[in-house]
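What follows is a single structure, written as structure tokens, with notes after it.
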Amino acid sequence: SPKQLGGVMLLLEETPNHAAFISRASRLRLLWTSTSPLYSPPSSSSSSSSSYNASQQRLPGAIIIGVRKGGTRALLEMLNLHPDVEVAKAEVHFFNVEEHFRRGLDWYRAQMPLTLPAQLTVEKTPGYFAAPQVPARIWDMNPAVRLLLIVRDPAERLVSDYTQVLHNRLTQLKSYQPLEELLLHNGHINRGYKALQRSLYHQHLARWLQVFTRDQIHVVDGDALIRDPFPELRNAERFLDLPPRINPNNFYFNTTKGFYCLLSAGHDKCLDESKGRPHAPLSSLALKKLCRFFRKPNKLFFEMVGRSFSWC
Ligand SMILES: Nc1ncnc2c1ncn2[C@@H]1O[C@H](COP(=O)(O)OS(=O)(=O)O)[C@@H](OP(=O)(O)O)[C@H]1O
């Protein structure tokens with residue numbers, strides 16, 4: 001690929017001083033958010049003379065934090081079209097899975113692709129958005145990191161979420177309750193249903209905004225990304241301070257898939273079959289209840305992000 005970094009020696013960075021004390025980090029947080037530029041060097045050693053120009057694995061400068069089933073894979077793959085971007089191919093789940101987090105930042109860095117100093121490393125883990133411990137942990141790694149949040153109609157997201165869990169259970173030959181049994185208790189929306197809670201975007205975003213400034217979080221419209229990806233990618237490039245390199249010719253609509261696929265350097269790529277599965281059915285009455293339930297949370301989310309979406 002045009003982005004491959006052939007024949008360059010791998011030089012691992014020194015371990016940065018990973019936030020040891022929350023209280024100290026909280027104090028620093030105030031200083032950083034008011035004075036620092038959005039990007040900061042991944043670690044002090046990266047600017048030192050001998051290793052500066054070498055390709056290295058670096059901590060991400062931008063992270064797609066969610067939402068689960070929002071279009072995070074499509075967004076990551078589309079950003080990867082940019083010559084100045086390299087992405088972690090697999091979801092890393094570093095900040096939200098204790099076992100991974102305990103392995104420390106060296107382990108996290110080792111999951112990242114090789115990049116040159118001018119390139120931006122991006123990872124995506126949809127589980128970050130709803131996990132309470134994650135914002136402070138990411139801030140401790142890099143308070144100037146840029147965050148991308150791709151959202152989608154929360155009712156549609158919930159059904160997609162259920163469909164994925166159902167699919168996993170069925171492939172493991174395990175039983176699973178019908179969606180309406182989980183969603184409704186005595187005809188009322190069951191607020192305890194996990195997939196419902198993951199769609200309460202305002203609650204999760206409120207926690208991120210206790211740690212990061214609003215301008216560090218770029219909201220991508222996941223429904224718009226499905227309909228016409230290019231404008232969303234142009235906005236993301238702008239947010240990431242990348243020169244505009246992704247263009248409409250990088251996308252073509254694949255009628256068999258029913259989605260846009262990617263074209264780059266003569267290669268085309270569609271997302272795998274786990275994306276765009278037929279959704280589990282939901283009665284129109286249950287959907288109506290769900291949409292009514294989401295009206296207020298959605299309004300709160302729109303106020304927080306300063307824009308609205310045409311959700312049900
Ligand atoms: N271009 C393109 N190709 C295929 N799929 C696309 C694309 N753009 C967005 N999407 C939508 O992405 C949805 C899956 O979201 P995620 O990748 O965030 O899912 S996951 O949380 O990582 O499992 C997936 O949701 P479902 O349709 O519900 O499966 C897709 O609708």
Side-chain angles (χ1 to χ4, degrees), residues 62-82 87-97 111 122-131 134 147-171 179 183 194-201 204 218-236 246-264 267-282 287 290 309-312:
I63 303 178
I64 300 172
I65 56 175
V67 302
R68 184 175 144 109
K69 307 314 292 179
T72 55
R73 173 59 60 186
L75 179 60
L76 187 83
E77 297 294 340
M78 289 170 184
L79 278 174
N80 198 30
L81 291 165
H82 198 289
V87 306
K89 297 284 180 271
E91 288 179 9
V92 186
H93 291 273
F94 176 65
F95 297 103
N96 60 333
V97 171
Q111 313 311 307
V122 184
E123 80 119 326
K124 78 109 176 169
T125 299
Y128 288 160
F129 184 55
V134 171
L147 305 170
L148 293 136
L149 173 67
I150 178 163
V151 290
R152 179 184 186 186
D153 184 319
E156 186 99 359
R157 196 218 66 78
L158 179 154
V159 179
S160 176
D161 196 329
Y162 170 86
T163 305
Q164 159 133 347
V165 178
L166 175 71
H167 175 86
N168 294 345
R169 301 277 307 183
L170 293 179
T171 48
L179 175 54
L183 184 63
K194 273 263 173 269
L196 180 102
Q197 291 172 354
R198 283 196 283 267
S199 279
L200 296 174
Y201 303 152
H204 307 301
H218 176 67
V219 178
V220 177
D221 182 340
D223 299 296
L225 190 91
I226 293 176
R227 283 194 304 271
D228 183 11
F230 174 67
E232 291 303 312
L233 266 293
R234 184 46 51 94
N235 290 338
I246 300 171
N247 63 66
N249 298 335
N250 287 127
F251 306 100
Y252 74 95
F253 190 76
N254 182 313
T255 44
T256 319
K257 285 283 297 176
F259 284 100
Y260 276 90
C261 297
L262 316 185
L263 270 178
S264 175
H267 297 287
D268 75 321
K269 179 174 186 173
C270 299
L271 299 198
D272 71 27
E273 65 285 355
S274 70
K275 314 294 174 182
R277 287 192 192 106
H279 283 182
L282 185 63
L287 182 63
L290 194 55
F309 297 84
S310 37
W311 295 338
C312 76

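Since the model is a prediction, treat every value here as computed from it, not as a measurement. Just so you know, these numbers use all the heavy atoms, side chains as well, and skip hydrogens, waters and symmetry mates. Atoms within each ligand, like the ligands themselves, are counted from 1 in listed order.
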Q.
Is it true that, when you exclude Lys257 itself, more than 12 heavy atoms of the residues, nucleotides or ligands shown sit nearer than 6.0 Å to its NZ?
A. yes

(Q) With a 4.0 Å cut-off on heavy atoms, is Arg157 in contact with ligand 1? (A) no

Q. Do any heavy atoms of Lys257 fall under 4.0 Å from ligand 1?
A. no

Evaluate [X] for polar contact with ligand 1, using N/O atom pairs at a separation under 3.5 Å.
X: Phe259; result: no
X: Pro126; result: no
X: Thr72; result: yes
X: Gly71; result: yes

(Q) Can you give me the closest heavy-atom contact between Asn96 and Ala131, atom names plus distance? (A) CB-CB, 4.0 Å

With heavy-atom distances below 4.0 Å as the criterion, list the atoms of ligand 1 near [X].
X: Arg277; result: 29 (O)
X: Arg68; result: 21 (O)
X: Glu91; result: 22 (O)
X: Arg73; result: 17 (O)
X: His279; result: 26 (P), 27 (O), 28 (O)
X: Gln164; result: 23 (O)

To the nearest 0.5 Å, tell me how far [X] [atom1] sits from [Y] [atom2].
X: Gln164; Y: Leu166; atom1: CD; atom2: CG; answer: 10.5 Å
X: Phe230; Y: Asn249; atom1: CZ; atom2: CG; answer: 9.0 Å
X: Arg152; Y: Ser160; atom1: CZ; atom2: OG; answer: 4.5 Å
X: Glu156; Y: Cys312; atom1: CD; atom2: SG; answer: 8.5 Å

Nearest protein heavy-atom contact for [atom]: which residue, which atom, what distance?
atom: atom 1 (N) of ligand 1; value: Tyr260 O, 2.9 Å
atom: atom 14 (C) of ligand 1; value: Lys275 CD, 3.7 Å
atom: atom 22 (O) of ligand 1; value: Lys124 NZ, 2.8 Å
atom: atom 24 (C) of ligand 1; value: Gly276 N, 3.9 Å
atom: atom 9 (C) of ligand 1; value: Ile226 CG1, 3.3 Å
atom: atom 25 (O) of ligand 1; value: Arg152 NH1, 3.1 Å
atom: atom 23 (O) of ligand 1; value: Lys69 NZ, 3.2 Å
atom: atom 8 (N) of ligand 1; value: Ala74 CB, 3.4 Å

Q: Go through Asp223 and Arg227 one step at a time and tell me if the salt bridge (Lys or Arg N to Asp or Glu O under 4.0 Å) criterion holds.
A: CA-CA 6 Å; Asp223 299 296; Arg227 283 194 304 271; 5.7 Å; no

Q.
Side chains of Leu183 and Leu158, heavy atoms from C-beta outward: is any pair under 4.5 Å?
A. yes

Q) Is there side-chain contact between Leu290 and Leu282, with heavy atoms separated by less than 4.5 Å? A) yes

Q: Evaluate the ring planes of Phe129 and His204, with Trp represented by its six-membered ring, and classify them as parallel (under 30°), tilted (30 to 60°) or perpendicular (over 60°).
A: perpendicular

Q: Only one of Leu147, Leu79, Thr125, Leu149 passes side-chain contact (heavy atoms from CB on, under 4.5 Å) with Ile64; say which it is.
A: Leu79

Q.
My understanding is that only one of Arg234, His82, Met78 makes a side-chain contact (heavy atoms from CB on, under 4.5 Å) with Ile246; could you say which?
A. His82

Q: Report the part of Glu156 (side chain from C-beta onward, or backbone N, CA, C, O) that has a heavy atom under 4.0 Å from ligand 1; answer both or neither where that applies.
A: neither

Q. What do we get for Leu271 next to ligand 1 when only non-hydrogen atoms under 4.0 Å count, side chain, backbone, both or neither?
A. side chain

Q | Residue that, paired with Glu77, satisfies salt bridge (Lys or Arg N to Asp or Glu O under 4.0 Å) out of Lys89, Lys275, Lys269 | A | Lys269

